[in-house]
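Reviewing the structure listed below.
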Amino acid sequence: GDTASDDKVYLIACDAKYAPFSFEENGTYKGIDVELLDAIAKTEGFKYELKPMDFSAVIPGITSGQLDGAIAGMSITDERKQSLDFSEGYFESGLSIVVNANNTDINSEADLQSKSASIKKGTAGSQFAEDNTDKYGLKLNYFDDSPTMFLDVENGNSDFLLEDYPVIAYKIKVDGDSKLRIAGDKLYTVDYGFAVKKDDNQELLKMFNDGLKKIKEDGTYDKIVGQYVGE
Ligand code: GLN
């Protein structure tokens with residue numbers, strides 16, 4: 001129908017530099033988050049404008065009402081549920097310790113004592129480091145995006161960084177002869193969710209969940225994810 005709601009353009013954030021979930025290539029954004037959102041929007045018939053930004057700006061943008069939602073490799077956490085509503089989990093992730101490829105002495109969480117950490121502002125990784133600063137005597141070095149956080153450990157400035165497993169695994173695969181190494185098992189497993197402000201934009205949340213279900217059933221989800229992860 002020709003109603004006002006047909007003209008609604010949702011402003012939806014993604015992380016500007018977060019391959020394989022969202023990244024710019026030849027002037028366009030691609031990746032799992034970007035392509036799932038686009039497929040879901042087409043299936044459900046809603047319009048959106050993609051707003052790539054630093055992750056630290058995403059949650060404040062949603063809670064202040066400047067953004068309608070976000071698909072930003074965002075981990076579903078109980079703390080965030082106080083201010084956000086999440087979709088069903090759309091991707092299983094988790095947090096990894098990452099070191100310089102030349103490092104031999106960090107192989108698990110137990111080896112973090114008195115080390116320096118490269119972390120990305122506003123993330124679940126930075127939360128883990130902050131929660132464990134006193135326990136391990138960590139020194140924290142903050143960055144705005146993943147590529148600059150990676151460089152800090154590649155250049156030997158920080159001893160380790162914290163990044164989501166699928167993101168660092170993809171980077172190491174794409175790098176080939178990578179300067180980074182994943183140290184040990186994931187610290188925890190967590191799902192990514194599409195997020196809106198708590199009790200707000202519920203129609204958008206429902207469309208996301210409905211569309212996600214449909215693109216899982218018709219094979220579109222597997223096709224998108226399979227371009228970036230898997231064999
Ligand atoms: N999954 C992590 C979080 O939710 C990191 C997200 C990101 O860096 N885009 O904090």
Side-chain angles (χ1 to χ4, degrees), residues 11-25 29-37 50-63 66-67 69-98 109 117-133 138 140-153 158 160-172 174 180 182 185-198 205 208 224-225 228-229:
L11 298 185
I12 299 179
C14 69
D15 188 321
K17 298 175 182 177
Y18 211 50
F21 294 94
S22 48
F23 58 105
E24 201 183 339
E25 198 176 83
Y29 266 90
K30 55 186 291 190
I32 294 170
D33 282 358
V34 174
E35 292 166 50
L36 289 180
L37 173 64
L50 191 68
K51 294 278 189 188
M53 58 184 67
D54 286 346
F55 185 77
S56 60
V58 172
I59 295 174
I62 298 173
T63 56
Q66 285 167 297
L67 293 167
I71 185 157
M74 195 190 296
S75 304
I76 300 174
T77 69
D78 286 340
E79 194 193 338
R80 289 173 177 165
K81 281 182 187 169
Q82 292 173 16
S83 57
L84 304 175
D85 286 326
F86 286 100
S87 68
E88 298 297 320
Y90 68 84
F91 196 91
E92 189 186 281
S93 185
L95 192 65
S96 290
I97 300 169
V98 182
E109 186 180 339
S118 171
I119 53 179
K120 179 169 148 188
K121 290 175 193 165
T123 63
S126 66
Q127 187 68 52
F128 180 91
E130 287 157 8
D131 290 346
N132 287 286
T133 298
L138 300 176
L140 308 185
N141 298 316
Y142 287 87
F143 295 89
D144 288 322
D145 55 47
S146 288
T148 54
M149 173 178 70
F150 295 151
L151 276 175
D152 194 55
V153 171
S158 291
F160 73 97
L161 64 86
L162 294 165
E163 181 57 279
D164 290 359
Y165 175 80
V167 173
I168 193 61
Y170 180 82
K171 177 179 166 53
I172 288 172
V174 169
L180 299 175
I182 297 171
D185 296 331
K186 282 185 210 171
L187 296 165
Y188 57 75
T189 296
V190 69
D191 276 349
Y192 288 162
F194 175 82
V196 296
K197 186 177 178 179
K198 193 172 176 62
L205 191 61
F208 186 93
I224 290 169
V225 170
Y228 299 101
V229 296

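Small disclaimer: the values here were computed from a predicted structure and weren't measured. In what follows, every heavy atom counts, from backbone to side chain, and hydrogens, waters and symmetry copies are set aside. Atoms within each ligand, like the ligands themselves, are counted from 1 in listed order.
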E88 atom CD, neighbour heavy-atom count above 12 within 6.0 Å: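 Open: at most 12 neighbouring heavy atoms sit under 6.0 Å from CD of E88.
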
Y18 versus E163, side-chain donor and acceptor atoms under 3.5 Å: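 The answer is yes; a qualifying pair exists.
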
Can you find a pair of side-chain heavy atoms, one from [X] and one from [Y], that are under 4.5 Å apart?
{"X": "L37", "Y": "Y90", "answer": "no"}
{"X": "I71", "Y": "Y192", "answer": "no"}
{"X": "L205", "Y": "S87", "answer": "yes"}

Residue of the set K120, K51, K121 for which salt bridge (Lys or Arg N to Asp or Glu O under 4.0 Å) holds with D15: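 In the set K120, K51, K121, the residue that makes a salt bridge (Lys or Arg N to Asp or Glu O under 4.0 Å) with D15 is K120.
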
Shell of residues surrounding ligand 1, defined by a 4.0 angstrom heavy-atom cut-off that is strict: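 Contacting ligand 1 under 4.0 Å are D15, Y18, F55, A72, G73, M74, S75, R80, K120, T123, A124, D164, Y192.
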
